[in-house]
**Student:** 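Got a structure here, written out as structure tokens. Questions coming.
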Amino acid sequence: MMPSQRRMKTFAVLIIVTIVVLFYVSRAAHQTHTSDFYTKTQQALQEREHEEAAKQRDAESVQARLKAAEEQAKKAADDKYDSVKVAVEGPTKKGVAGRVEIDSQDDKKVPGVAAQGGRSREQAAMQKDETIEDHEVEMEMNAILRKSPVIIFSKSYCPYSKKAKHILLEKYRIVPEPYVVELDTNPLGPKLQALLTHMTGRRTVPNVLVVGKSIGGGDDVEDMDQMDTLAKKIKKMSGTRITEVEYREARPEIRRVRRAV
């Protein structure tokens, strides 16, 4: 049975309307994509995406530079610390200028400070928690111990210190001359005295050190002087580092004997 003419017309109209609608929609979409508003909007979105990506890259670059700077600073600090250790302790277990490390009177090593300047790597590893002030005191002690084989730790107002200085500096001629440290006028005096106590076991002044070992205080020095053993003891302990120990008040013949001791 053939469809009626009326149905054919209706069907044709629907097809035409559909084609027109599709054409209009596609044309509108094309106009929208090519419109100035759409183009600017797309450009703005793309620019924003580029800005966000650039910010992300900049942030990553800054973090990388900060990390590199931190690592470089840490390496520089480590290199500086190593150079200080080498300068203090020397390339071997000997102290500064080839002097051997000297034990304190109780035969114990002084933590952080060798008696003749410098500390071993093991001691340095144990002193990681030392403060800047502790390090300054250690360096000051090392510098003092390099001044002379004989060091007199004194206080300017102490009568016993005056007695020891009188004997060692006026009654005897010692070459090199003993070096005097007045703890009451030194800015690091209290810290040096505490470290000296730990080094030698002696809390009071004067404290006379010969190549890093204490030979006692004012009374001890006086007793050795009266028993005529002071020059011999200093010469024996110092070895070749003391070139001359001469008793100034002795008669010439006695002076020659003492100089040869």
Side-chain angles (χ1 to χ4, degrees), residues 95-97 99-110 112-118 137-250 255 258-259 261:
V96 175
R99 303 171 189 168
V100 296
E101 296 176 348
I102 298 177
D103 298 344
S104 63
Q105 286 185 325
D106 56 0
D107 294 329
K108 293 181 180 179
K109 294 288 184 182
V110 180
V113 178
Q116 281 302 314
V137 173
E138 174 191 338
M139 297 298 289
E140 177 69 9
M141 180 63 76
N142 289 333
I144 290 170
L145 292 172
R146 292 194 294 269
K147 295 290 185 180
S148 171
V150 181
I151 308 293
I152 306 171
F153 288 93
S154 165
K155 289 187 178 179
S156 58
Y157 57 82
C158 173
Y160 296 97
S161 297
K162 292 179 180 179
K163 178 167 57 177
K165 287 184 288 187
H166 168 71
I167 293 172
L168 291 167
L169 299 176
E170 297 180 23
K171 294 186 68 175
Y172 288 82
R173 180 175 179 269
I174 302 173
V175 181
E177 187 176 59
Y179 183 75
V180 180
V181 180
E182 299 292 0
L183 294 174
D184 58 318
T185 60
N186 190 301
L188 297 174
K191 292 283 187 180
L192 286 171
Q193 187 168 4
L195 181 56
L196 191 63
T197 300
H198 191 61
M199 288 173 59
T200 65
R202 185 177 185 85
R203 298 179 181 275
T204 58
V205 294
N207 195 347
V208 180
L209 270 63
V210 179
V211 289
K213 286 188 176 181
S214 176
I215 63 172
D219 290 339
D220 300 308
V221 171
E222 184 179 41
D223 290 342
M224 286 185 283
D225 174 54
Q226 291 178 352
M227 292 187 293
D228 199 21
T229 60
L230 181 59
K232 184 177 180 180
K233 187 175 184 68
I234 292 175
K235 190 65 177 174
K236 181 179 179 181
M237 291 180 65
S238 61
T240 58
R241 296 190 57 207
I242 293 289
T243 59
E244 187 175 344
V245 181
E246 179 183 0
Y247 188 62
R248 297 181 190 272
E249 299 177 4
R255 185 178 301 169
R258 292 197 179 197
R259 185 183 302 177
V261 172

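We use all heavy atoms of the structure for the numbers below, so side chains are in, but hydrogens, waters and symmetry mates are not.
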**Student:** First locate atom CE of Met141, then atom NZ of Lys191, and finally report the distance between them rounded to the nearest 0.5 Å.
**Tutor:**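 Here the interatomic distance stands at 12.5 Å.
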**Student:** Using only atom types and a distance under 3.5 Å, with no angle test, would you say the side chain of Asp223 pairs donor to acceptor with the backbone of Asp220?
**Tutor:** no
**Student:** For a quick test of reading the model, state the closest non-hydrogen atom pair linking Val245 to Ile242 and the distance between them.
**Tutor:**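 Heavy atoms only, the tightest pair is CG2-CG2, 3.4 Å.
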**Student:** Measure across Ser148 and Arg241 and return the closest heavy-atom pair with its distance rounded to 0.1 Å.
**Tutor:**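 For Ser148 and Arg241, the tightest heavy-atom pair comes out as C-NH2, 4.3 Å.
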**Student:** Could I get the full list of side chain to side chain contact (heavy atoms under 4.5 Å, CB included) partners for Lys233, not counting sequence neighbours?
**Tutor:**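 Only Ile215, Met224, Met237 meet the side chain to side chain contact (heavy atoms under 4.5 Å, CB included) criterion with Lys233.
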**Student:** Do Leu168 and Leu230 touch side chain to side chain, with heavy atoms closer than 4.5 Å?
**Tutor:**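 They are in contact (side-chain heavy atoms under 4.5 Å apart), so the answer is yes.
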**Student:** To the nearest 0.5 Å, tell me how far Leu169 CG sits from Lys162 NZ.
**Tutor:** 14.0 Å
**Student:** Where do Ala164 and Gly218 come nearest, in terms of heavy atoms and distance?
**Tutor:** CB-CA, 4.1 Å
**Student:** I need the Asp225 CG to Lys171 NZ distance, nearest 0.5 Å.
**Tutor:**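 The distance works out to 3.5 Å.
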**Student:** How long is the gap from CZ on Arg202 to CZ on Phe153, to the nearest 0.5 Å?
**Tutor:** 13.0 Å
**Student:** For residues Cys158 and Val205, report the shortest heavy-atom separation together with the two atoms involved.
**Tutor:**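 Heavy atoms only, the tightest pair is SG-O, 3.8 Å.
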**Student:** Please list every donor-acceptor pair under 3.5 Å in which a side-chain atom of residues 182-190 meets a protein atom from a residue at least two apart or in another chain.
**Tutor:**
from: Glu182; atom 1: OE1; to: Ser154; atom 2: OG; distance (Å): 3.0
from: Glu182; atom 1: OE1; to: Lys155; atom 2: N; distance (Å): 3.4
from: Glu182; atom 1: OE1; to: Ser156; atom 2: N; distance (Å): 3.0
from: Glu182; atom 1: OE2; to: Lys165; atom 2: NZ; distance (Å): 2.7
from: Asp184; atom 1: OD1; to: Ser156; atom 2: N; distance (Å): 3.1
from: Asp184; atom 1: OD2; to: Ser156; atom 2: OG; distance (Å): 2.5
from: Thr185; atom 1: OG1; to: Glu182; atom 2: O; distance (Å): 3.2
from: Asn186; atom 1: OD1; to: Leu188; atom 2: N; distance (Å): 2.8

**Student:** To the nearest 0.5 Å, what is the distance between CG (Asn207) and OG1 (Thr200)?
**Tutor:**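 With rounding to 0.5 Å, CG (Asn207) is 4.0 Å from OG1 (Thr200).
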**Student:** Just by modelled atom types, is the Tyr172 backbone N or O under 3.5 Å from a matching donor or acceptor in the Arg248 side chain?
**Tutor:**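 At least one qualifying donor-acceptor pair exists.
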**Student:** With rounding to the nearest 0.5 angstrom, report the CG to CG distance, Leu209 to Leu196.
**Tutor:** 6.0 Å
**Student:** Just by modelled atom types, is the Glu138 backbone N or O under 3.5 Å from a matching donor or acceptor in the Asn142 side chain?
**Tutor:** yes
